[in-house]
Amino acid sequence: MTPVPRVAPYSGPALLSYGFRPFFLAGALFAGLAVLVWMPVYEGRIAIDTVFAPVDWHAHELLFGYVAAVVTGFLLTAIPNWTGRLPLAGTPLLVLVLAWLAGRVAVSFGGALGWVAVAVIDVAFLLLVLAAAGREVIAGRNWRNLRVLVIVGVFAAADVVVHVEAHVRGEAVLGRRLALAAIVMLIVLIGGRIVPSFTRNWLVKANPGRLPAPFGRLDAAAIGVSVPALAAWLVAPTGWLTAALLGLAGAVQALRLARWAGDRTGRDALVLILHLGYAFIPLGFLLLAAAALWPVVPEAAGIHAWSVGAVGVMTLAVMTRATRGHTGRALEAPPSTRAVYGAVVVAAGLRLLAALVPELATPLLWAAALAWVVAFWGFCAVYGPMLLRPRLGKA
């Protein structure tokens, strides 16, 4: 995502000059806050006035609170580069931010409103995002990227399913899975573009030699097999057929990642972290394949490989890189950024360990939560000033 040369005249706060600024900052702040609240809720020490069961609230706010904010920030920044049109800024951007914030307040404190009102307020944000993004993609005739918006549409539909399912059944298992599956496919599609691209760019300049393989049949197969594997997991999470599809998807995704020359990026944390984040995609598939056959392997391990590992690591990787590039900073990872990366990788590892070693779950969950907070609030401390101030070189 390189800056678009044409920018609409704008004289307001820098925070509202580009979509990545408010949504990356608000999303990271919320990610840390939501986990700090979740741990005492999980232990039964506090309660929140939500229409959801505690686990549904936790999953919903990670997916439709944090992830939705980061995806929106990414789309509002990438789409102008895809289409050549001007970025959303000022009042229209503020409307989207307020819609996102209204959803967080309604979901967490709107128990008295009733589930229908909460659902309308919450889902409205993603519908507005789809409308804004779809208008730009269609106006720019950028048909190739419509498939990205289709997945975001599935993600929005999953939000509706979560609300309805939680009301009807008391828990939203299918809705949560559908949302996570949509995010996994977004990472598979977008990560499949940016990881080898950024790796190639850095290797050509700093470490000549073997380069990432270009997009080919293996990449197409990795995408193609992931769809039925995720569909099988949605409707029948256990059984040999689901295990076979998930295992195949995990193996092909691992082969895909191995072709991107990640082993040659150790000197640049800004590139290496992308490979580490994507590695949680095949790991999640393989853990869920094992869980589909053997009850001794908890499904939570695979789910959190994706939700904490792939989502947490990849989003921080994208947020740091995009923020540095779009605010005029060098594309490098100083010690503070490497510390943020280390914290989120530790959080992912500890959360997986908590699922696999249930007798140590409580201390491991707390350790994972604290590492997660360090990562995301560390991002806010390091990158917040960049997001709040104009791009370097501008008044």
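Positions are given from 1 along the sequence.
Put simply, V107 and I48 are part of the same group of oily side chains (I, L, V, M, F, W, Y) that touch within less than 4.5 Å, one to the next. Side-chain heavy atoms closer than 4.5 Å link hydrophobic residues (I, L, V, M, F, W, Y) into clusters, and following such links, possibly through other members, connects V184 to V227. Linking Ile, Leu, Val, Met, Phe, Trp and Tyr whenever their side-chain heavy atoms come within less than 4.5 Å leaves I46 and L370 in two separate clusters. V318 is connected to L272 through a chain of hydrophobic side-chain contacts under 4.5 Å among Ile, Leu, Val, Met, Phe, Trp and Tyr, so both are in one cluster. Residues L364 and W372 are members of separate hydrophobic clusters, defined by side-chain heavy-atom contacts under 4.5 angstrom among Ile, Leu, Val, Met, Phe, Trp and Tyr.
Atoms OG1 and CG, on T323 and L387 in that order, are 4.5 Å from each other to the nearest 0.5 Å. A distance of 11.0 Å separates CZ in F20 from CG in L25, rounded to the nearest 0.5 Å. Atoms OG1 and CZ, on T265 and F198 in that order, are 13.5 Å from each other to the nearest 0.5 Å. Distance check: L174 CG to L234 CG gives 6.0 Å after rounding to the nearest 0.5 Å. A distance of 10.0 Å separates CZ of F24 from OG1 of T72, quoted to the nearest 0.5 Å. Residue Y66 holds its OH atom at 12.0 Å from CZ of F30, rounded to the nearest 0.5 Å.
No side-chain heavy atom of T337 sits under 4.5 Å from any side-chain heavy atom of F379. Residues T320 and L270 form a side-chain contact, since some pair of their non-hydrogen atoms from C-beta on lies under 4.5 Å apart. Using a 4.5 Å cut-off on side-chain heavy atoms (C-beta onward), R21 and L93 make no contact. Counting heavy atoms from C-beta on, the side chains of V345 and I273 come closer than 4.5 Å. Between V340 and F376, the closest side-chain pair of non-hydrogen atoms is not below 4.5 Å. Proximity of M314 to V195: side-chain heavy atoms (C-beta onward) are separated by under 4.5 Å at one or more points. Side-chain atoms of P87 and T77, non-hydrogen and from C-beta on, never get closer than 4.5 Å to each other. The shortest side-chain heavy-atom distance between V55 and E171 does not fall under the 4.5 Å cut-off.
Heavy atoms only, all atoms of each residue included: P298 and L356 are closest at CD-CD2, 4.0 Å. Here the shortest heavy-atom pairing between E165 and G175 reads OE1-N, 2.8 Å. What you find for A305 and L287 is that their closest heavy atoms are CB-CD1, 4.1 Å. Residue A236 comes nearest to T242 through the heavy atom pair O-OG1, 2.6 Å, listed as atom of the first residue, atom of the second, then distance. Pairing each heavy atom of L130 with each of A156, the nearest pair is CD1-CB, 4.0 Å. The shortest non-hydrogen separation linking I121 to A106 is CG2-CB, 3.8 Å.
At least one donor-acceptor pair under 3.5 Å links the side chain of R338 to the backbone N or O of A333. A donor-acceptor contact shorter than 3.5 Å is absent between the side chain of D49 and the backbone of G110. Judged by distance alone, the side chain of R264 and the main-chain N or O of P208 form a donor-acceptor pair under 3.5 Å. The backbone N or O of P212 lies less than 3.5 Å from a partner atom in the side chain of R200, making a donor-acceptor pair. No donor-acceptor pair closer than 3.5 Å links the side chain of S197 to the backbone N or O of I194. Here the side chain of H304 pairs a donor or acceptor atom with the backbone of A300 at under 3.5 angstrom. For the pair R256 (side chain) and I223 (backbone), a donor-acceptor distance under 3.5 Å is absent.
Using modelled atom types and a 3.5 Å distance limit, the side chains of Y383 and T327 yield no donor-acceptor pair. Residues R104 and S108 bring no donor and acceptor atom of their side chains to less than 3.5 Å of each other. Side chains of R391 and Y18: no donor on one and acceptor on the other come within 3.5 Å.
Taking the six-membered ring where the residue is Trp, the centroids of F155 and F64 are separated by under 6.0 Å.
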- [ ] Take L180 and W233 through the side-chain contact (heavy atoms from CB on, under 4.5 Å) test and state the conclusion after the steps.
- [x] CA-CA 11 Å; L180 185 56; W233 176 63; 4.2 Å; yes
Task: Chi angles and distances behind the side-chain contact (heavy atoms from CB on, under 4.5 Å) call for V311, I187 - done: CA-CA 8 Å; V311 168; I187 295 175; 4.3 Å; yes
Task: Check against side-chain contact (heavy atoms from CB on, under 4.5 Å), F23 and V70 - done: CA-CA 6 Å; F23 281 110; V70 175; over 6 Å; no
- [ ] Show your reasoning for whether side-chain contact (heavy atoms from CB on, under 4.5 Å) applies to D56 and V51.
- [x] CA-CA 9 Å; D56 283 338; V51 295; over 6 Å; no
TODO: Begin from the C-alpha positions of W306 and F285 and carry the test ring-ring contact (aromatic ring centres under 6.0 Å, His included) through to its verdict.
DONE: CA-CA 9 Å; W306 284 341; F285 275 113; 5.0 Å; yes
Task: H275/T199 under side-chain hydrogen bond (donor to acceptor under 3.5 Å, both in side chains): CA gap, chis, key distance, verdict - done: CA-CA 9 Å; H275 292 264; T199 301; 2.7 Å; yes
TODO: Could you check R210 against D263 for salt bridge (charged side-chain N to carboxylate O under 4.0 Å, His left out), going step by step and ending with a plain yes or no?
DONE: CA-CA 10 Å; R210 177 168 51 90; D263 57 295; 2.6 Å; yes
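Around CZ of F215, the count of heavy atoms belonging to other residues, nucleotides or ligands within 6.0 Å exceeds 12. At most 12 heavy atoms of other shown residues, nucleotides or ligands fall within 6.0 angstrom of atom CZ in R217. The number of heavy-atom neighbours closer than 6.0 Å to CZ of R389, taken from other residues, nucleotides and ligands shown, is 12 or below.
Taking the six-membered ring where tryptophan is involved, the planes of H60 and F52 are tilted, since the angle between them lies from 30° to 60°. Aromatic ring orientation, H58 versus W38: parallel (interplanar angle below 30°, classes split at 30° and 60°).
Checked against L186 for a side chain to side chain contact (heavy atoms under 4.5 Å, CB included), the options V154, V71, V67 give a single hit: V71. D219 pairs in a side chain to side chain donor-acceptor pair (under 3.5 Å) with only one of the listed residues (R193, Q253, R259), which is R259.
Taking the charged nitrogens against the carboxylate oxygens, R321 and E332 have no contact shorter than 4.0 Å, which rules out a salt bridge.
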